[in-house]
Every structure is written in structure tokens, then in C-alpha cells.
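These numbers come from a predicted model, not from an experiment.
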Amino acid sequence: MTRGLARTSVLLALGLALLAGPFATPARGGDEHGHDPADEAAEAAAWRTPAEADDFQSTPSYDDTIAFLRRLEAKSPALRLGFYGTSGEGRAMPYVVASREGAFTPAAARTLDKPVVLVVAGIHAGEIDGKDASLMLLRDVALGRAPALLDAGTLLFVPIYNVDGHERVSPFNRPNQDGPRKGMGFRTTASGLDLNRDHVKLESPEARALVGLFNAWRPHLHVDTHVTDGVDLEWTLTFSLAEAPQAAPSIQEWWSFNLPPVVSAMARGGHRIGPYVDLKDGTDPTKGFESWAGEPRLSTGYFNLRNRPTLLVEMHSYKPYGERVTALRDFLAVLVRQVGTSGSALKRSVAEAEQRTVEAGKPGAPPSDIVLEWAVDEQSTPVRVPFFDFTVVESAPLGRKVLQYDRSQTTPLDIPWSHRAIPKRTTPRPRGYLIARGWPVIEETLRAHGLEVRRLDAPAELAVETLRLAEPKYETRSYQGRVRVAFQVARERTTRGFPAGTLFVPADQPDFEVAAQLLEPESPDSLAAWGMLNSVFERKEYIDPSVLHRLATEMLKDPKVAAEWDAALAADPALAKDPAARYLWWYRRTPHWDETVGLLPAFRLVGPIEVPLSPLR
Ligand SMILES: [Zn+2]
């Protein structure tokens, strides 16, 4: 349970507070320093970032970004450039560690009292504001202008996550975006995957690399930087985070104390800032706003499942690039400085959230549910939004209504805002999952998430719930390169024999919610729902009708079977008329039927597991 404000809405309190804020002098990213003004001007000119040097008309290429980071690294012992993976097109994926103590490895960072903060830019490579804002901050660090940032923690910057998309430059890549005028990268990877839909299935080498970086460092705060796509209003910077109950209470509480000062400081600094939202009705803003429930495939859903505070920052796409980048630079600086005032509370809130998951999964823990899917509550709260004047016009070319804005005028609108996540689908928390061997996609994905996986050293009879999938309905078009599938799920509690070597994913581990999302078939991000386990639906063997005829004729001599058959025919006229259905009815009753048809190769452990286990190597 959380206290006071935490149970109300952090976002709402913020949204209302900041709208009244006066617009004063913009905040600067650097800290107080006492240089000679002339020296300072020369230094500033020499150390302009590539975007600054081009007056924010362009953003530097991958090579130019790396070259600038190398200069910074050579300048400052507090910076280290590293690479954490290789993209589909073979580019090394860069990250920068900023640490006064030179804690450039996870082990070194863990010896410090400070938290680790991860800022990711360019997950959608056309939305690259976060890179140029990060370069400005890192430059300030290198020049000793931002000591408070280094005071706050160990800072990890991923300047360009989608490195391949970043190099596919065109000024036409982002129709809804004002700059950089000379061009920006592309949303997806070279193979067309959206990295912000790949956090659970981890199909791309890029997503596997980023999650690997996270596994190694286990940062205490994650920030994902984007640019919006649609609604036009005054705000330059918008943000979103998971609120309770989707966020762990300790994390919600940390936000409730630490986000309002950040937002207030930004508003005081003259930045127009508000919550990130979508229109409920794209042609009628008065109907209100809706926030998304953070789905696990998205960064903010995923890192939330990993018990981290995670903040989505969406710069407003119709604001000029320079305005966006400086606002984001200021925001990141203010946020990190705020972390500096509450670093131990941040670490504690993360530790508490992890411990909560571990405790819930321990043998003997009180029964609890896992939420497989969240929805946004219809219940709303009022919010005042500084919309530009808009009219609804009938578009002759498009044959539909569209909004047109007049940016010379602002009309604040009081509208309802739905933003609270509520559980949509839950399942009782198992004690863990047993995984049949021979499914590399399951094993590799579990391991890529850094989940603890053990193996049975001896065969065992275990109390489990089996999940049998039937009636697959494949979508008629692909999504993220996958044909997703819906199905019926039948559950059965049983005792089942498992051979030595079977994998076991225990529930008492901090990232267990990720395992549940992968393995519970009804999770929208499960491997089954993504169509990655489709072979379970398929019947692999065949029985010749002449063979089945002889078997069925023999079986019908048993009065019990004959009665069942008569009842089945009476109950289902379609069965009577359908030779294929009759074939299956009989095939299933023979000893030749393959019992793994439809059987999910992940079993929910519901009883004790008293069998020797060893770590999976
Ligand atoms: Zn984006």
C-alpha cells in the first residue's frame, strides 16, 4: 500500500500544478561554474555538439556521433564509451557511462551508494531528440559544467538504440515532425521491426542487446525518449509513466515524491510540459484524453514488469527541433539532479519492488494473482489542456473529417482524462514453470531476459496445471513480421512425470513477471500469442482411414464406447455429417493419438518441487 498522494494520481497532480506555472527564463542544463566569460565563450564554441553547430538543422550520423563521443571520452576521465551489441546490419551499438568514480562496469557501479540511471534515445531512430540532448549533457559533464549530474549517480546513455534505422536518413521520414530539417532516421530496424514492440519476444538482435545491457547493469531508473505523432497543443515535452496498481507501490511512492519537483522546475523554467496522451476521438478533442496502459512489448510496460520506475518522454513533434532538444536536455538534467536528492530512496524503492515479487513467488506465500493484461479505466479525471484553436473540416481528398489547428491561438479545454490502468486479465500466480526441453525459442528467450532457469537433475512426478490450446485463429495480416494467433485455453490440474533435464523457472525471482508474460498463453505478449509456438496446434502423424476403420470397429464392441459415440452424434449433428470430424473423434481415442497436440510445453507448477535442481549453463 502507498500513502497519500501515491494512491491518487501522480500524473494528475502534476498536470494541474504545472499548467498554472509562469513561464520564466528557460532552465540551463549546466551547473554553476566560475569560468572567465571569454574563455567560456571560446570553450563553448569548440565544444558545440554537431546539432548545435548546425543550429539544430541536422543531427549527426552514427560515425559523427561516435567521433564526438570519442572526443568527450578523451576530454574527461568521467566518461567511457562502450558497445553492448551488434545490430542487424552489423553496427556496434554504443553506450556511454558517466561516472565521477570511474565506475565503468556494473560491478564497480554496484559498490557505490548511488543509483544507476539509464537514458535511451533513438528506439525510433527518426525521433532522435534524446541523442542530441544527451550529447549536450555529456559535453557539459566532460567540461566539468555539470557536477550535480555526476553527484546523482552512475549514468548510462544509449545515444542511438536503433543504429541501423538511424542511418536510413531522409527529411521525409517523419511527416508529423518539425526537424531536424536536413533529415532524420527511420522508425524500424533494417528488417522492419519496431524495437518498441520487441521487449518481450526479443526477436531483434538490438532488443536482445539492450535487455542484455539492462541485465548486466540493472539500472534503477529507465527513461525512454521519443517524439509524438499527432495531437497538436502547446506542450513541448510530454511524459507518461505507469501508475499504481500497475507500478509497484514503492515505485509509485518514489515517483509521487520525485516527479512533481521535476515538472515544477521545468514549468518554472518556461518549458511547456504536460502528460502524454491520445485523443479518445481523433476528430473531437472535447471527448477527452486517454493514456495507454503500458503493454509489456513497450519499454515502459517492460521495465515496469522488471520493477523499475520507467518514464516515457515524448517531445512534441510540431515544435522546432532546437526547442525540443533543449527542453529535453533541461528535463534530463533536472530529472537526474532530482535523482541526486533521492538516490537511496530510489534504490530502496526498486529493492522493495523486487522483494515483493520474490516474496509473492515463494513456496507458502499467500495466493496472489499475476496480471496478464491491463486496460485503461473508463473512469476519468478532469484536466485542463492548452489546445491550439482547432476546427473540424471535411477532407475532400481523404473523404473523412480531420482536425485543423490554428497555432496562433490557444484555447484551454477542460476535458476528461482516462489514465488509470486496471487489471483486464489475471491468473493465479504459479510456483514456477516447468519447460519441456527441445523448444529453443522458449529457452533462449528466457535466458535473454536474464531469468533464472534451473534444470531437474532427476525425473520427478509433480503437481502441475497443464494448458492445452485449441481452435487457433490466425490473424489475416502480419504484425511485426509475425502472424499472431488467438486460441482457446483449457486448464487441467494433474500430476505429471517430468524427465531429468526439464527446465524450471522458479517464481521467487525478481523478474518473474516477465516469465509469466512469455509463458502464460493468454498474455498478449506470450510466445504463443505471437505465433512463435504454432507447431503445438499441428497434428504431426497420420492414421490411414483403413487402419482407423478397423480400430474403430473393434472399439465399438465396447458398450461404453458405443454409448459415447451415440451420445456424441446426438449432441453434435455437424459431427455426424463431417467425415473429418468423425476421423478425429476416433483417432483421439486410439493409443496412437499424439497427446502433445495443443499442449503448451510450459507447465504451471502448483505443488512443491522436491527434486535436485542445478543451474542451467
Ligand atoms: Zn516513438
Side-chain angles (χ1 to χ4, degrees), residues 69 72-73 76-85 93-121 123 130 133-134 137-138 140-142 146-159 161 199 209-225 241 247-248 250-251 254-255 257-259 262 299-300 302-313 331-355 357 449-450 510-511 514:
L69 290 171
L72 297 181
E73 189 186 31
S76 170
L79 297 180
R80 178 70 58 85
L81 173 64
F83 296 90
Y84 64 96
M93 299 173 69
Y95 73 111
V96 181
V97 187
S99 166
R100 174 174 296 121
E101 299 82 0
F104 299 130
T105 64
R110 274 193 282 276
T111 64
L112 306 176
D113 286 339
K114 301 171 171 183
V116 177
V117 176
L118 172 63
V119 177
V120 177
I123 187 170
S134 297
L137 283 179
L138 290 167
D140 292 346
V141 167
L149 301 187
L150 294 179
D151 292 343
T154 306
L155 312 179
L156 302 186
F157 290 89
V158 170
Y161 175 17
H199 284 93
L210 187 80
V211 168
L213 182 74
F214 181 92
N215 295 342
W217 286 85
R218 297 191 75 83
H220 302 92
L221 172 63
H222 164 264
V223 183
D224 201 12
T225 59
L241 51 77
S250 59
I251 285 171
W254 187 82
W255 277 130
F257 286 108
N258 289 284
L259 193 54
V262 173
S299 67
T300 41
Y302 176 73
F303 292 109
N304 187 59
L305 286 177
R306 297 197 64 169
N307 288 309
R308 262 51 189 183
T310 167
L311 188 65
L312 173 71
V313 180
F331 180 83
L332 293 173
V334 171
L335 176 65
V336 171
R337 285 198 293 250
Q338 182 64 31
V339 167
T341 70
S342 62
S344 49
L346 171 59
K347 290 182 76 168
R348 208 166 45 242
S349 77
V350 167
E352 270 181 51
E354 289 193 335
Q355 194 55 31
T357 304
H449 285 286
D511 299 319
V514 175

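- Minimum interatomic distance between Ala121 and Thr225 (heavy atoms only, all atoms of both residues): CA-OG1, 3.3 Å.
- The heavy-atom pair separating Ala345 from Trp254 by the smallest distance is C-CD1, 3.8 Å.
- Across all their heavy atoms, Thr105 and Trp217 have their closest contact at C-CH2, 3.4 Å.
- In terms of the side-chain contact (heavy atoms from CB on, under 4.5 Å) criterion, residue partners of Ala209 (sequence neighbours excluded) are, by chain and number, Tyr84, Met93.
- Side-chain contact between Arg306 and Asn215 is present, with at least one heavy-atom pair separated by less than 4.5 Å.
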Pairs under 3.5 angstrom only: tabulate donor-acceptor contacts from the side chains of residues 151-158 to other protein residues two or more places apart or in another chain.
residue : atom : partner : partner atom : Å
Asp151  : OD1  : Arg100  : NH1          : 2.5
Asp151  : OD1  : Arg100  : NH2          : 3.1

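- Under the 4.5 Å side-chain criterion, counting only non-hydrogen atoms from C-beta, Thr341 is in contact with Asn258.
- In this structure Ala78 satisfies the side-chain contact (heavy atoms from CB on, under 4.5 Å) test together with Ser76, Leu150, sequence neighbours excluded.
- By the side-chain contact (heavy atoms from CB on, under 4.5 Å) test, Ala351 is found to be paired with no residue, residues two or more places apart in sequence or in another chain being considered.
- Judged as a salt bridge (charged side-chain N to carboxylate O under 4.0 Å, His left out), the pairs with a partner in residues 101-116 (not counting sequence neighbours) are, in order, Glu101-Lys114.
- Closest approach of Pro106 to Ala216, counting heavy atoms only: CB-O, 3.1 Å.
- Residues Asp224 and Thr310 form no side-chain contact, since every pair of their non-hydrogen atoms from C-beta on lies 4.5 Å or further apart.
- Expressed to the nearest 0.5 Å, how far CZ of Phe257 lies from CD of Gln338 amounts to 11.5 Å.
- Legend: residues meeting side chain to side chain donor-acceptor pair (under 3.5 Å) with Thr300, ordered by chain and number and at least two apart, are absent.
- Residues Ala353 and Ile251 approach most closely at CB-CD1, 3.8 Å, considering heavy atoms.
- Among residues two or more places apart in sequence or in another chain, the side-chain contact (heavy atoms from CB on, under 4.5 Å) test is passed with Pro510 by Arg218, Glu354, Val358.
- The side chain to side chain donor-acceptor pair (under 3.5 Å) check on His199 picks up nothing, with sequence neighbours excluded.
- Across all their heavy atoms, Ala103 and Val97 have their closest contact at O-CG1, 3.6 Å.
- With Glu73 contributing its side chain and Leu81 its backbone, the two residues share a donor-acceptor pair below 3.5 Å.
- Scanning for side chain to side chain donor-acceptor pair (under 3.5 Å) contacts around Tyr95 gives an empty result, with sequence neighbours left out.
- Taking CG from Leu210 and CG from Leu118, the interatomic distance works out to 6.5 Å, rounded to the nearest 0.5 Å.
- Paired with Leu332 under the rule side-chain contact (heavy atoms from CB on, under 4.5 Å), one option of Val262, Val119, Val117, Val313 passes, and it is Val119.
- Here the CG atom belonging to Leu149 is positioned 6.5 Å from the CZ atom belonging to Arg337, to the nearest 0.5 angstrom.
- If you take CZ on Arg308 and OG on Ser299, they are separated by 14.5 Å, rounding to the nearest 0.5 Å.
- Checked against ring pair (Phe, Tyr, Trp, His ring centres under 6.0 Å), Phe214 has the following partners two or more places apart in sequence or in another chain: Phe303.
- Under the 4.5 Å side-chain criterion, counting only non-hydrogen atoms from C-beta, Pro309 is in contact with Leu346.
- The side-chain heavy atoms of Val339 and Pro115, taken from C-beta on, include a pair separated by under 4.5 Å.
- Every residue meeting the side chain to side chain donor-acceptor pair (under 3.5 Å) condition with Asn307, not counting sequence neighbours, appears here in chain and number order: Thr357.
- At least one side-chain heavy atom of Leu311 sits less than 4.5 Å from a side-chain heavy atom of Trp255.
- Counting heavy atoms from C-beta on, the side chains of Pro159 and Leu69 come closer than 4.5 Å.
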